[in-house]
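Some notes on the structure that comes next.
Every number for a ligand or one of its atoms is a count from 1 in the order of the listing. Bear in mind the structure is a predicted one, so any value in this text is a computation, not a measurement.
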Amino acid sequence: MVKKLRNYINGEWSDVQDAQTLDVMNPATGEVLGHVPLSAASEVDRAAQAAAAAFPEWRRTPPVARVQYLFKLKRLLEENFEELASLITQENGKILEEAKGELARAIENVDVACGIPILMQGDFLEDIARGIDEFMVRQPVGVCATIAPFNFPAMIPFWYLPYALACGNTYILKPSERCPMTMQRAMEFIDLLGLPTGVVNLVNGRADTVNAMLDDPVIRAVTFVGSTPVARHIYSRAAANGKRVQAQGGAKNPVIVLPDADLAMTTRIVADSAFGSAGQRCLASSMAITVGEARKPFMEAIREAASSRVVGYGLNPGVEMGPVITSQSRERILGLLERGLKDGAQVAVGGHAKTVSGYEKGNFVEPTVLQDIVPDSELARTEVFGPVLGVMHADAIEDALKLVNNGQYGNQVCVFTSSGAAARRFRYEAEAGNIGINIGVAAPMAFFPFSGWKDSFFGDLHGQGKHAVEFFTQTKVVVERWPSDWSRKF
Ligand code: NAD
C-alpha cells in the first residue's frame, strides 16, 4: 500500500495542505512506496512554535525523568526491529543485514543518551578565593533541529535526537525526502511514548523547507549530515542567523594497502567497505592506494571479490549488494566513470549499469574496480557515492600519505599492515578525523564522536556521545559569595 506521509507537529499527525509531493521509490523494484509532502515555511514555523511552547516545561523535567522516555523508546525500537530494518531496505536499497546494523547503532545512541544524568553534570570548585565558590552547569539550548541525508535513514537522526531530548531541548527532524519512511514509522513509536506535546516534531520536505528552518529565529541549533556543498550552505546560513551549527559533509576515504598486510583479509574488508551499501556510505573506501609489491596480489584478489559479489534486492537472502538510490544517481556515477576512463583510468572489473533479473526497474550498478587512477583527476578527487573502488599505486608509504593528505576530504582513512610502526606513523600523520587500522569502515561507536575533518565537516562539536551532549547544552558559570555578615545569624 502506498503511504501518504504526514508531518508530526505538537503531538498530532497532520496532512500538509496544498503541498507539492514527491514519490518515495523502492530503488530495487521501482515501486512507489509513498508520497512525501514538501512542507512550506508555515509548517516549519508551526513546528518551531510547538517546540518553543514545550521547552520551558521539558527543561524543568528532571533528567532522570526525561530518560525514562528513552528507555521506553529503546524497548519499542527493539520490539519493532525487524519491521524498521525491512523499511530501511525497502526505501534505501541496502541489504537487510546492513539495515539491521544501522538500526543497532541508532539504538546504541539511545543507550548512551540514557546516561545523561551523569553526562550532563557540571563542575564545582569551592574557595576559588576565600569564601567564594564557582560552578559550571549545562543547560539546554532550546529548540534544536536536524536535517538528515538518505543513506542512513534511521541511524543519522539518532546521532542527535536522543541527546537533544535527554539534555532538555525540544526538537524538529527533517528526514531526507528520498528516504522518509523509516523515521515516519519511528515517529509513530515516539508518539506512543507519552512525551509532552511539542517536545518532538517531524517536518517533511527538501531545500525550501530546510532554508525555512535555517531562517527561523526560534530554532537555536541545527545539525546537518549530507553532501559537502549543502553542508557548506547550511553552516554559513545557520551561523549567519546566529545559530549553533554542525554540518557533516561528503567524503572520499582512501585506504592504504602496505605489502606486509594480510592480503586475503585486507581484500575482503576493503571490498566490504567499497561495495557495502552499494558504496553509499560516508565511510565507504572508494580509493585504494597499494604500496610497493602489494599492487599485483591486491589487484588480483579485489577483481575476484568485486566480480563475485551478488547484486540484487536487499530483502532476498544471499544478496550482498543492493541498488543505488535513484536512476539520476546511477547516471551521475556512470558519467564519472566515463570521464575517469577518458582521463586515463582503466576498468579492472565492472563499469556498467547492471540488470538484475526480476528487478529490471532497479538502479543497479556493477561492483566496479578501476585501476591507474590519475592523481588529481576528477575521479581521484570526487566523491562517487556508488560501488566503485579506484586503485592508485605508490612506491613508499610517504608517497601514499601525500596522496591521502592532498585530498579535500577528511572523513576517514585506513591502513592495512602488520607493522605497528607503520600503523603508528600513518595514524599520526593522516589528515582525517576517523582512522581505521586493519579496519575498512572505522565508524565510531555511539560513545565516541563521529569525527570528520576538512571538507567533510564544518563546525566544532560532532554527533554522538559527549560531543552531542556538549552541542545540545550551553554552559553557565556561576561565581557566588555568601558573606556571613550579610546573612541572618542562626
Ligand atoms: P544531500 O546533501 O543531497 O541532502 C541532505 C539533506 O539536505 C536532505 O535532507 C535534503 O533535503 C537537504 N538538502 C538538499 N539540498 C539542499 C539545498 N540546496 N539546500 C538546503 N537543503 C538541502 O545529501 P544526500 O544525497 O541525502 O546524502 C549523501 C551525502 O551525505 C554524501 O555526500 C555523503 O558522504 C554524506 N554523508 C556524510 C556523512 C558524514 O558523517 N560525514 C554521513 C552520511 C552521509
Side-chain angles (χ1 to χ4, degrees), residues 22 24 27 36-39 41 44 91-94 102 105-106 145-160 172-180 182-183 202-216 222-238 245-253 276-286 324-326 328-330 332-333 336 382-386 407-412 432-434 441-444 448-459 461-464 467-468:
L22 294 178
V24 182
V36 61
L38 304 182
S39 304
V44 171
E91 68 171 343
N92 171 278
K94 66 180 68 174
E102 140 163 30
R105 180 57 51 83
T146 292
I147 298 142
F150 81 84
N151 67 328
F152 284 94
M155 179 185 78
I156 287 176
F158 279 90
W159 282 355
Y160 306 109
I172 305 168
L173 172 68
K174 206 288 300 166
S176 166
E177 66 280 13
R178 284 180 279 176
C179 292
T182 306
M183 283 312 293
L202 172 83
V203 177
N204 288 290
R206 58 177 178 189
D208 288 346
T209 318
V210 172
N211 288 334
M213 294 167 88
L214 302 177
D215 292 343
D216 195 308
V222 171
T223 70
F224 169 85
V225 181
S227 58
T228 289
V230 182
R232 227 185 260 283
H233 162 71
I234 303 281
Y235 186 68
S236 52
R237 188 150 166 175
V245 51
Q246 58 165 280
Q248 316 240 32
K252 190 72 189 167
N253 308 322
S277 297
Q280 300 172 114
R281 252 192 312 219
C282 66
L283 297 181
S285 290
S286 66
V324 297
I325 189 70
T326 56
Q328 294 89 322
S329 179
R330 179 164 70 173
R332 189 187 56 77
I333 294 162
L336 258 170
T382 310
E383 177 176 46
V384 179
F385 229 54
Q408 91 184 83
Y409 298 109
N411 218 31
Q412 172 193 271
N434 300 294
V441 179
F448 282 96
F450 197 99
S451 286
W453 281 17
K454 293 165 85 175
D455 281 0
S456 299
F457 183 72
F458 303 92
L461 296 163
H462 298 81
Q464 297 199 142
H467 272 220

Nearest neighbour in protein (non-hydrogen) for atom 22 (C) of ligand 1
V230 CG1, 3.5 Å

How far is atom 39 (C) of ligand 1 from the closest protein heavy atom, and which atom is that?
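Going by distance alone, atom 39 (C) of ligand 1 is nearest to C282 SG, 3.4 Å.
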
Assess, by modelled atom type and distance only, whether the side chains of Q280 and N151 contain a donor and an acceptor separated by less than 3.5 Å.
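No, because no side-chain N or O of Q280 sits under 3.5 Å from a partner of the opposite role on N151.
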
At less than 4.0 angstrom from any non-hydrogen atom of [X], what atoms of ligand 1 do you find?
{"X": "V210", "answer": "20 (C), 21 (N)"}
{"X": "R206", "answer": "11 (O)"}
{"X": "V225", "answer": "5 (C), 36 (N), 37 (C), 38 (C), 39 (C), 42 (C), 43 (C), 44 (C)"}
{"X": "G250", "answer": "32 (O), 34 (O)"}
{"X": "K174", "answer": "8 (C), 9 (O), 10 (C), 11 (O)"}
{"X": "N151", "answer": "43 (C), 44 (C)"}
{"X": "H233", "answer": "19 (N), 20 (C)"}
{"X": "I147", "answer": "6 (C), 7 (O), 9 (O)"}

Side chain, backbone, both or neither: which part of [X] comes within less than 4.0 Å of ligand 1 when only heavy atoms are counted?
{"X": "I156", "result": "side chain"}
{"X": "R178", "result": "side chain"}
{"X": "T228", "result": "neither"}

I'd like the name of whichever of P149, S451, G226 reaches closest to atom 29 (C) of ligand 1 through any heavy atom.
G226

Nearest heavy atom to atom 5 (C) of ligand 1 wins, so pick from F150, W159, F224, F385.
F224

Any N or O on [X] sitting closer than 3.5 Å to an N or O of ligand 1?
{"X": "N211", "value": "no"}
{"X": "G249", "value": "yes"}
{"X": "S227", "value": "yes"}

Sub-4.0 Å heavy-atom approach of R281 to ligand 1:
no

Between ligand 1 and A148, can you find any atom pair, the residue atom being a heavy atom, that is separated by under 4.0 Å?
yes

For G279 versus A284, what's the shortest heavy-atom pair and its separation?
O-CB, 3.7 Å

Which heavy-atom pair separates N92 from F150 by the least distance, and what is that distance?
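Shortest heavy-atom separation between N92 and F150 comes out as ND2-O, 3.0 Å.
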
With D216 via side chain to side chain donor-acceptor pair (under 3.5 Å) - residues at least two apart:
none

Contacts of D215 that satisfy side chain to side chain contact (heavy atoms under 4.5 Å, CB included) - sequence neighbours left out
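For D215 the side chain to side chain contact (heavy atoms under 4.5 Å, CB included) partners, ignoring immediate neighbours, are R237, N241.
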
Flag: protein heavy atom within less than 4.0 Å of atom 34 (O) of ligand 1
yes

Is any side-chain N of the basic residue among R178 and E91 closer than 4.0 Å to the acidic one's carboxylate O?
no

Hey, does the side chain of [X] reach the backbone of [Y] with a donor-acceptor pair shorter than 3.5 angstrom?
{"X": "K252", "Y": "N411", "value": "no"}
{"X": "E383", "Y": "A251", "value": "yes"}
{"X": "R281", "Y": "F152", "value": "no"}

